[in-house]
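Here's the structure, in structure tokens; my notes come after.
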Number of protein chains: 2
Amino acid sequence: MDRTVTWQAIRAEALRRIRAGTWPPGARIPDEAELATELGCARATVNRALRDLAEAGLLERKRKGGTRVPVTPVRKATFDIAIIRQNVEERGQRHGYRLIDDAPRPPPPEVCATLDWPAGPPMRHVIALHLADDRPFCLEDRWLNPAVAPPVQAEFTSVSANEWLVRNVPYSDGTIGFTARPADTQAARWLDCAEGDALLAIERTTRTEAAPITFVRLTYAPGHRVDATL
Amino acid sequence: MDRTVTWQAIRAEALRRIRAGTWPPGARIPDEAELATELGCARATVNRALRDLAEAGLLERKRKGGTRVPVTPVRKATFDIAIIRQNVEERGQRHGYRLIDDAPRPPPPEVCATLDWPAGPPMRHVIALHLADDRPFCLEDRWLNPAVAPPVQAEFTSVSANEWLVRNVPYSDGTIGFTARPADTQAARWLDCAEGDALLAIERTTRTEAAPITFVRLTYAPGHRVDATL
DNA sequence: CTCGATAATAAGTATAGACATAATTATCCA
DNA sequence: TGGATAATTATGTCTATACTTATTATCGAG
């Protein structure tokens, strides 16, 4: 006997009308006050529902302009960014970790450019392998600002830099992008594939307001797929 | 002279406290009523702010359990799914389009499986090339349910299937995923690269409640990068 | 001491009313 | 006619209040 109309119900009804063509692409839909009356709820409830649809790219809203169904909608897809160990464990596999290299080096020009790092001074360059059920899962190639790096004792031998950062310098801003790369000698060796094999890579930069933190490229084993949801 | 406290201000303050460690990972933060009093606004305003942070993965909220800062946060990244022409034009380039093949064929087993399509009957198989400033941009390899395909005259010669679908069967559900693939003969030929080159591919399935609509693999030219935002 | 019913709690949400703000439209003057 | 200005309007947001719901904590019975 629930009598109140929820915003989810309003959203579902609006989505139904969009899909059914009751509100065709390009059309302006009734304003919030009208819909509130028609559907028997408060305007705030309609607002919540339509705002949610707008965030997903299914409606366009403008003050005074009203709400309309976009002609060529730009949908939003989202995917989760967890620590790698979690990714592996979610697949029901056992996570393994192996540090390959950890040394100070001046980063290559591309890394300097994306991180706003001067050409001269070294960063901490960490390379590590993540395993899923003892099979190579992903190669972590990271450039780390030594100023935010952990104290000496934390050597990334047992805890990955990935995890250390999430636990110690979390909630920072940054960018993220997908590319495909041919396996270089190192990737081929550790990911157990042939040189030149097509590998999915995720590149992330992370920074605080003041200083860059890290650039990391996660190169996944052949066949890996990253799923997103609409 | 704005006197009212906005939910964005509350969110910014909460984010500041998270980053500053005032609210350390794992800790439970004051409840909405308390924060409302402290920050001088209504509880609904606090709710809006904290809900927004929770949606981004920066807070975890449970009824009765309260709100806490996650120890290993799962951040959400989003990226836009527009029609390909829009993608190209956003880069300041001219979009070109060329239909390569369009014929009915029984889809391969993988496609049948992901789309819930029986093994026997054919689907419409459309292959097309998208160009950016006359250079190959992305190869569209699509399997289309003939029942939702356009009438005969729309032959995908001038309007891409991508665009036709967005305009005619929009707002449908589906899945989306990223992979890396070696260029096959066809991809190498049309994307102007060598066979075996590493190419980024986006695979999408689209369906209505009742029936599958389409499976498409968009294989991008070498070096392509898809950016997301945190 | 465990099981299960019950109470307490914090988030989730609905509502009516008010005001703010950005766009658009109408108006008026030069 | 052009352009600045004012009125209008739909969304955006805040508030106070009330009720709902999931979850935890508590307490009593067996």
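Fair warning: this is a prediction, and the values are worked out from it, not measured in the lab. Below, chains carry the letters A, B, ... as their sequence lines are ordered, and counting in each starts from 1. Atoms considered below: every heavy atom in the structure, side chains included; atoms not considered: hydrogens, waters and symmetry mates.
Note on B:Glu60: nothing from the nucleic acid sits closer than 4.0 angstrom, heavy atoms only. Nucleic acid contact for B:Gly65: none, since no nucleic acid atom lies under 4.0 Å from a heavy atom of the residue.
Aromatic ring pairs are classed by plane angle as parallel below 30°, tilted from 30° to 60° and perpendicular above 60°; the pair A:Phe178 and B:Phe178 is parallel.
Side chain to side chain, B:Thr206 and B:Thr214 fail the donor-acceptor criterion of an N or O pair below 3.5 Å. A side-chain N or O of A:Arg61 and one of A:Thr67 form a donor-acceptor pair less than 3.5 Å apart.
If you measure from atom CD of A:Glu34 to atom C1' of D:dT9, you get 12 Å, rounded to the nearest angstrom. In this structure, B:Arg61 places its CZ atom 5 Å from P of C:dA11, rounding to the nearest Å. The CH2-P distance, from B:Trp7 to D:dG12, rounds to 11 Å in whole Å. Regarding A:Ile10, its CD1 atom lies at a distance of 14 Å from the P atom of C:dT13, rounded to whole Å. In this structure, the CG atom of B:Asp31 is 11 Å from the P atom of C:dT9, given to the nearest Å. Between A:Glu32 atom CD and C:dG17 atom P the separation is 17 Å, expressed in whole Å. Remark: P of C:dT15 and CG of A:Leu35 are 14 Å apart, rounded to the nearest angstrom. The interatomic distance linking A:Asp52 (CG) with C:dT13 (P) rounds to 10 Å, in whole Å.
Considering every non-hydrogen atom in both B:Leu129 and B:Leu191, the closest pair reads CD1-CD2, 3.9 Å.
Side-chain nitrogen and oxygen atoms of B:Thr45 include at least one within less than 4.0 Å of the OP1 or OP2 phosphate oxygen of D:dT15. At C:dT13, none of the side-chain N or O atoms of B:Asn47 fall inside 4.0 Å of OP1 or OP2 (strictly under the cut-off). Contact check, A:Lys62 against C:dT24: a side-chain N or O comes under 4.0 Å of OP1 or OP2. OP1 and OP2 of C:dG12 both lie 4.0 Å or more from every side-chain N or O belonging to A:Gln8. Dashed line: the shortest gap from a side-chain N or O of A:Thr67 to OP1 or OP2 of D:dT11 is under 4.0 Å. Remark: B:Arg28 is in phosphate contact with C:dA10, judged by side-chain N or O atoms under 4.0 Å from OP1 or OP2.
When the nearest nucleotides of DNA chain C are assigned to A:Lys64 and B:Ile29 by heavy-atom distance, the more 5′-ward of the two goes with B:Ile29. Closest-nucleotide positions on DNA chain C for A:Cys41 and B:Pro30 were compared, and the one nearer the 5' end corresponds to B:Pro30.
Centroid-to-centroid, the aromatic rings of B:Tyr97 and B:His130 come within less than 6.0 Å.
For a distance-only test at 3.5 Å, the side chain of B:Arg43 qualifies as a donor-acceptor partner of the base of C:dT13. Evaluation of atom-type donor-acceptor distances gives no pair under 3.5 Å for the side chain of B:Arg63 against the base of D:dT20. Between the base of C:dG12 and the side chain of B:Arg48 there is no donor-acceptor pair shorter than 3.5 Å.
To the nearest 0.5 angstrom, A:Thr179 atom OG1 is 10.0 Å from B:Asp227 atom CG.
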